[in-house]
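Below is one structure, written out as structure tokens; comments come after it.
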Amino acid sequence: MIIYQGVVVVAMARNPSLIRAQSPMSSDLTSSDCSVLRGGASFRRRELIFVVNPRGANGTTGQQWKKLLPYLRSRLGNDCNICESLTSGPSHAIDITREAIREGADAVIAVGGDGTLHEVVNGFFCGGKPVCNHDMNSSHSTALGIIPLGTGSDFARTLGWKNDPHDAIERIAKGLKSKIDVGCIAGEIGESHYFINVADIHLSAKAGYYASRYKKFGNLCYVIGALQAFFRHHNQDLRIKVDEGEWEVCSQVTALCIGNAKYFGGGMKITPNANPSSGDYEMVILQDFKWYDFVLKLHKLYNGTHLSVKNVSSRRARSIEIEEIGSSGSIFVQSDGEFLGFLPRKFSILPGVIELLC
């Protein structure tokens, strides 16, 4: 046990990457106690795990988090055990989240941008199933929370939340929950992958892949990535099956976006009618676009008015299978800005599978 800035910091035995920060306890309580007496009645302290990528947004996330911690402790410290966990590299947030859920945490809060949120969401699943509490007699499930601090907070935009961490802490303090959907992506081999925001295919996915190399430029990275992706780009015929129906040919596809939420790419409202509580996706397809179409219609893509543009279509779906016609093996797939590989892929929706602190 270590006293740090007036807070007791205890390493959680089962996972040294989780650090518990809580108000100093009286001598008759041990570090394992999770309830205190309040007004003569037992009061259970909530166990909150804050997953932080300190290197996010070129280190800005870590700096902002340090400044935010005193307020967070003062606002939540009386009622909650505040457990801080800093990620050390790719996929670490997935492991932290799984361990926290198994240990019975009340909520795992993704602190940072959509990349951290994406990993935390994937940590809610393992082996194709939701992760469960080790204590089978436990009556509560682990909720998801969000404190947006990164370069892009596209999921928060869908919910109409301000990019204000103090507002986010107030939502966490209130503890209100709402069930949200999660997208599931399966390939020919390997474990399923999950997304909460938007999955996309071909040009936009390729642009996202290149944009990830230029994160140091902030949201400008998306513009740089798009310019690089256009180089030697060719529209592609795809085969699509919607809701287990018949296979359809979709010709000259420039980009195909599958939205559980509305925004991607740093504020582009690509699937404007998507709703993460609707139980289905919005699929938007751009066909036979040239580079100048994007230049001329970029403003429509950002404000969500592109569905009326020629060669843009939209439909609702609960499951979508997509294959390439041909054998190039080079049709990019990404979800929530994370590169996943290439077609073929199947996308299915998991309705109301996660509770969100809202």
Side-chain angles (χ1 to χ4, degrees), residues 89-95 97-98 114-115 117-131 155 181-212 225 229 233-250 253-261 264-265 270-271 274 276 280-286 315-351 353-354:
S91 300
H92 190 197
I94 297 176
D95 296 333
T97 302
R98 287 174 178 167
D114 290 317
L117 175 59
H118 177 76
E119 286 201 4
V120 168
V121 167
N122 273 269
F124 274 77
F125 304 89
C126 186
K129 299 178 181 179
V131 177
F155 188 72
D181 309 334
V182 171
C184 178
I185 306 174
E188 291 182 312
I189 57 174
E191 189 173 346
S192 296
H193 202 86
Y194 302 88
F195 69 101
I196 196 171
N197 214 38
V198 177
D200 52 309
I201 292 165
H202 207 17
L203 179 64
S204 55
K206 191 188 301 183
Y209 173 77
Y210 289 127
S212 65
H233 169 77
H234 299 286
N235 296 327
Q236 177 69 39
D237 295 343
L238 300 179
R239 188 179 292 113
I240 301 174
K241 181 191 288 187
V242 175
D243 293 339
E244 307 300 332
E246 298 296 324
W247 284 101
E248 309 169 24
V249 174
C250 195
V253 173
T254 307
L256 187 153
C257 301
I258 298 168
N260 184 50
F264 81 154
I270 190 66
T271 46
D280 61 3
Y281 297 120
E282 180 180 28
M283 178 173 64
V284 171
I285 307 176
L286 281 62
R315 64 195 294 186
R316 312 296 300 192
R318 294 181 301 277
S319 72
I320 306 163
E321 293 181 61
I322 306 174
E323 298 178 348
E324 175 188 5
I325 297 178
S327 57
S328 72
S330 60
I331 306 300
F332 282 62
V333 179
Q334 73 169 2
S335 67
D336 296 348
E338 302 296 319
F339 173 65
L340 299 184
F342 306 95
L343 290 180
R345 286 289 192 276
K346 180 176 181 178
F347 303 80
S348 54
I349 197 83
L350 305 177
V353 72
I354 287 181

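In this chain, numbering begins with 1 at the start of the sequence shown. Values below: every heavy atom of this structure, side chains too, minus hydrogens, waters and symmetry copies.
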Fill in: Exceeds 12 heavy-atom contacts within 6.0 angstrom, atom CD of Glu246
no
Worksheet item: Quick one: CZ on Phe332 to NE2 on His233, what's the gap to the nearest 0.5 Å?
Response: 11.5 Å
Worksheet item: Short question: side chain of Glu321, backbone of Glu244 - any donor-acceptor pair under 3.5 Å?
Response: no
Worksheet item: Within the distance-only criterion (no hydrogens, no angle test), does the side chain of Ser204 pair as donor or acceptor with the backbone N or O of Asp200 below 3.5 angstrom?
Response: no
Discussion item. Just verifying a value: how many Å separate Ile185 CD1 and Ile258 CD1, rounded to the nearest 0.5 Å?
Written reply: 7.5 Å
Fill in: His118 vs Ile196 side-chain heavy atoms within contact, under 4.5 Å
no
Practice prompt. For the pair Gln334 (side chain) and Phe339 (backbone), establish whether a donor and an acceptor sit closer than 3.5 Å, ignoring hydrogens and angles.
Written response: no
Item to complete: Give a yes or no answer on whether the side chain of His202 reaches the backbone of His234 with a donor-acceptor pair at less than 3.5 Å.
Response: yes
Item to complete: Give the minimum heavy-atom separation between Ala274 and Gly259, together with the two atoms involved.
Response: CB-O, 3.5 Å
Practice prompt. Using modelled atom types only, decide if a donor and an acceptor are shared between the side chain of Asn260 and the backbone of Gly183 within a distance under 3.5 Å.
Written response: no
Worksheet item: Which of parallel (below 30°), tilted (30 to 60°) and perpendicular (above 60°) describes Phe195 and Phe347?
Response: perpendicular
Discussion item. What's the separation between atom CD in Glu248 and atom CD1 in Ile240, rounded to the nearest 0.5 Å?
Written reply: 7.0 Å
Worksheet, complete the sentence: For Thr97 and Gly123, the nearest pair of non-hydrogen atoms, with its separation, is CG2-C, 3.7 Å
Worksheet item: Taking all atoms of both residues into account, what is the closest heavy-atom pair of Cys126 and Arg98, and its distance?
Response: CB-NE, 3.7 Å
Worksheet item: Checking Gln236 side chain against Val253 main chain: does a donor-acceptor pair fall under 3.5 Å?
Response: no
Fill in: Heavy-atom pair of closest approach, residues Cys257 and Phe264
SG-CZ, 4.0 Å
Worksheet item: Distance from Leu203 atom CG to Asn235 atom CG, nearest 0.5 Å?
Response: 8.0 Å
Practice prompt. Applying side chain to side chain contact (heavy atoms under 4.5 Å, CB included), run through Arg239 and Ile322 and close with a yes or a no.
Written response: CA-CA 6 Å; Arg239 188 179 292 113; Ile322 306 174; over 6 Å; no
Worksheet item: With no hydrogens and no angle check, is any side-chain donor or acceptor of Tyr281 less than 3.5 Å from a backbone partner on Ser348?
Response: yes
Worksheet item: Out of curiosity, Glu323 CD to Trp247 CH2, how far, rounded to the nearest 0.5 Å?
Response: 3.5 Å
Worksheet item: Any donor-acceptor pair under 3.5 Å linking the side chain of Asn197 with the backbone of Asp336?
Response: no
Practice prompt. In sequence, state the C-alpha distance, the side-chain angles, and the governing distance for Ser319 and Val242, and then conclude on side chain to side chain contact (heavy atoms under 4.5 Å, CB included).
Written response: CA-CA 6 Å; Ser319 72; Val242 175; over 6 Å; no
Fill in: Polar side-chain atom of Glu324 near backbone of Ser328 as donor-acceptor pair, under 3.5 Å
yes
Practice prompt. Determine, step by step, whether Val353 and Phe124 satisfy the side chain to side chain contact (heavy atoms under 4.5 Å, CB included) criterion, reporting the C-alpha distance in whole Å, the side-chain angles of both residues, the deciding distance to 0.1 Å, and the verdict.
Written response: CA-CA 9 Å; Val353 72; Phe124 274 77; over 6 Å; no
Worksheet entry | Counterpart residues, salt bridge (charged side-chain N to carboxylate O under 4.0 Å, His left out), relative to Arg345 (two or more places apart) | none
Discussion item. Which heavy atom of Tyr194 sits nearest to which heavy atom of Ser335, and what is that distance?
Written reply: O-OG, 4.4 Å
Practice prompt. Starting from the C-alpha separation in whole Å, work towards a yes-or-no answer on salt bridge (Lys or Arg N to Asp or Glu O under 4.0 Å) for Arg318 and Asp280.
Written response: CA-CA 5 Å; Arg318 294 181 301 277; Asp280 61 3; 6.0 Å; no
Worksheet item: Is any side-chain heavy atom of Leu343 less than 4.5 Å from a side-chain heavy atom of Ile201?
Response: yes
Worksheet item: Ile270 and Val198: side chain to side chain contact (heavy atoms under 4.5 Å, CB included), yes or no, with the steps?
Response: CA-CA 9 Å; Ile270 190 66; Val198 177; 4.2 Å; yes
